[in-house]
Amino acid sequence: MNVARKLYIKSFGCQMNVYDSHRMADTLASEGFTETPRIEDADLVILNTCHIRDKAQDKVFSELGRVRAIKEAAARSGRQLTIAVAGCVAQAQGEEIIRRSPAVDIVVGPQSYHRLPALLERAKRDGRAIDTEFPVEDKFDNLPPPPREATRTRGVCAFVTVQEGCDKFCTFCVVPYTRGSEFSRPVLKIVSEVERLAESGVREVTLIGQNVNAYHGDGPDGRAWPLGRLLAHLSELPGIARLRYTTSHPADMDASLIAAHRDLPKLMPYLHLPAQSGSDRILAAMKRRYRRADYLRLIERLRAVQPNIAFSSDFIVGFPGETEDDFKATLSLVDAVGYAGAFSFKYSARPGTPAAELPDQVPEAQKSERLYRLQAAIDRNCARFNAQWQGRAVLVLFEKGGRYSGQIVGRSPYLQPVQVMASRDLIGRLASVRITRVSSNSLFGVLAPDADRLAREQHQLSAGA
Ligand code: SAH
Ligand code: SF4
Ligand code: F3S
């Protein structure tokens, strides 16, 4: 059954989809599929889709138009191309996708990826296969672990899903409907996955989940472990130099996680903590479960235990009923926190979510105007954050060759790309860099062994990895 076939897979949306795409490729590898970067060569195309905003969904249907044309061209030359739609649009729209795009052969929701081989068989037999159930078995138990060679090509940094789904039901959001209720993977499953990654050369692991700090997976002691405890355990594994986690909900930052930022040198002092709005009225209407003052207090608590910590966030402008005063409260929150970076989005009414039914939807032009002002405020904060690194030493984990020969690129603890002229031997290692130039999206510097001590103090990190 292992006929050589080619798979082209494209991910939209969040890191969870990127992770799932790798795992789908791993599952299909055992069916004889190898990945190709050229869609024209593929026997199977998987679009791993995102449903979070209108635009994300529109992208999928325009991409499907392109894939259909390729399928028709392949058919003319006697080749069969199978098209699968996976991810959150698949979950939300199911059969409707095939009605809109009859060239689609398979629709598979995020909880059913381990069933892909069977779905391929079914599609071959019946012409179509749809699976958008939330099966009782754990997909992670039924997906093969990442093969060593495959992870090696995935580089120095890797993502590991530790938690899926969401029970928060913020009134604007589709995630609880597309990903189902909250679920945490058991501790030992995660540990063995991280060990494998470390063996294959991965040095930095980002634990991911729609609501990652709601993590409460079964520990080997029979108790539910909070995320802080999981991080402490992982930071002991040989080879792992850096840990991160994303995305966190402000209401789930428990004491164990705050303590982890104090106690774990390998836990990077950079936290994505989406605020969404700075106005209490809007936060209540969003059902976010915190007020502006709670959010600011949390930032203070984290800064108290880890003075080097920096923050990023997500914001929505133009939530139904948002007034100019509400919006100004968001602007002032941005300045009060002094974010190192942030994503901002125009509110997009999603069918089936409570906020889509609210009166007082904000006109599109006003949303655009607020988005523009918010982005200017965020850019100002981000530039201020980057500028402070001029002349200072930072510890960089080098990931790959740079654009120019002789150059290598890595990341600072704050995910800033850092470009340095240095030997490729440093890839996969931490080294201290003195920053000589700061541009809008990158830092440039020179290797500075003398600055090692300084950088270590700065980030309380060991350069041992
Ligand atoms: N679980 C995370 C967010 C995951 S979705 C949290 O609670 O913070 C990623 C981001 O998309 C959200 O933070 C939000 O800013 C944005 N988003 C979600 N639904 C949206 C909608 N309907 N319109 C605009 N932006 C939205
Ligand atoms: Fe969506 Fe995040 Fe709210 Fe969950 S916590 S409903 S994922 S915005
Ligand atoms: Fe999009 Fe689904 Fe992620 S809606 S943001 S792909 S959880």
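Start at 1 and go down the list; that is how both ligands and their atoms are numbered.
With hydrogens left out, the protein atom closest to atom 4 (S) of ligand 3 is H51 N, 3.3 Å, a heavy atom. For atom 2 (Fe) of ligand 3, the closest non-hydrogen atom of the protein is C88 SG, 2.2 Å. Nearest protein heavy-atom contact of atom 3 (Fe) of ligand 3 is C14 SG, 2.3 Å.
Panel note: side chain N381, backbone A377; a donor-acceptor pair is recorded below 3.5 Å. Listed for the T330 side chain is a donor-acceptor partner under 3.5 Å among the backbone atoms of G278. Here the side chain of S312 pairs no donor or acceptor atom with the backbone of A340 at under 3.5 angstrom.
The number of heavy atoms from other shown groups lying within 6.0 Å of CD (E72) is above 12. Under a cut-off of 6.0 angstrom, the local environment of CZ in R128 is crowded, with over 12 non-hydrogen atoms contributed by other residues, nucleotides or ligands. For OH of Y372, the number of neighbouring non-hydrogen atoms (other residues, nucleotides, ligands) closer than 6.0 Å is 12 at most. Within 6.0 Å of the NZ atom in K6, the count of heavy atoms belonging to other residues, nucleotides or ligands does not exceed 12. Atom CZ of F343 sits in a sparse spot, with 12 or fewer heavy atoms from other residues, nucleotides or ligands closer than 6.0 Å.
Distances shorter than 2.8 Å separate atom 3 (Fe) of ligand 2 from the protein N/O/S atoms C170 SG.
Defined by atom type and a distance below 3.5 Å, a donor-acceptor pair is missing between the side-chain atoms of Y295 and R291. K346 and S368 are linked by a side-chain donor-acceptor pair at a separation below 3.5 angstrom, with hydrogens and angles left out of the test.
For ligand 3 and Q210, the ligand atoms under 4.0 Å from any heavy atom of the residue are 7 (S). Of all atoms in ligand 3, listed by their number and element, those nearer than 4.0 Å to a heavy atom of N17 are 6 (S).
Among the atoms of C50, an N, O or S atom falls under 2.8 Å from atom 1 (Fe) of ligand 3.
V89 and Q57 make their closest contact through CG2-CG, 4.3 Å (heavy atoms, listed as atom of the first residue, atom of the second, distance).
Residues with a heavy atom under 4.0 Å from ligand 1: I52, R53, F172, Q210, T247, H249, P274, Q276, R288, D314, I316, F345, K346, Y347, S348, R350.
To the nearest 0.5 Å, atoms CZ (R301) and CG (L298) are separated by 6.5 Å.
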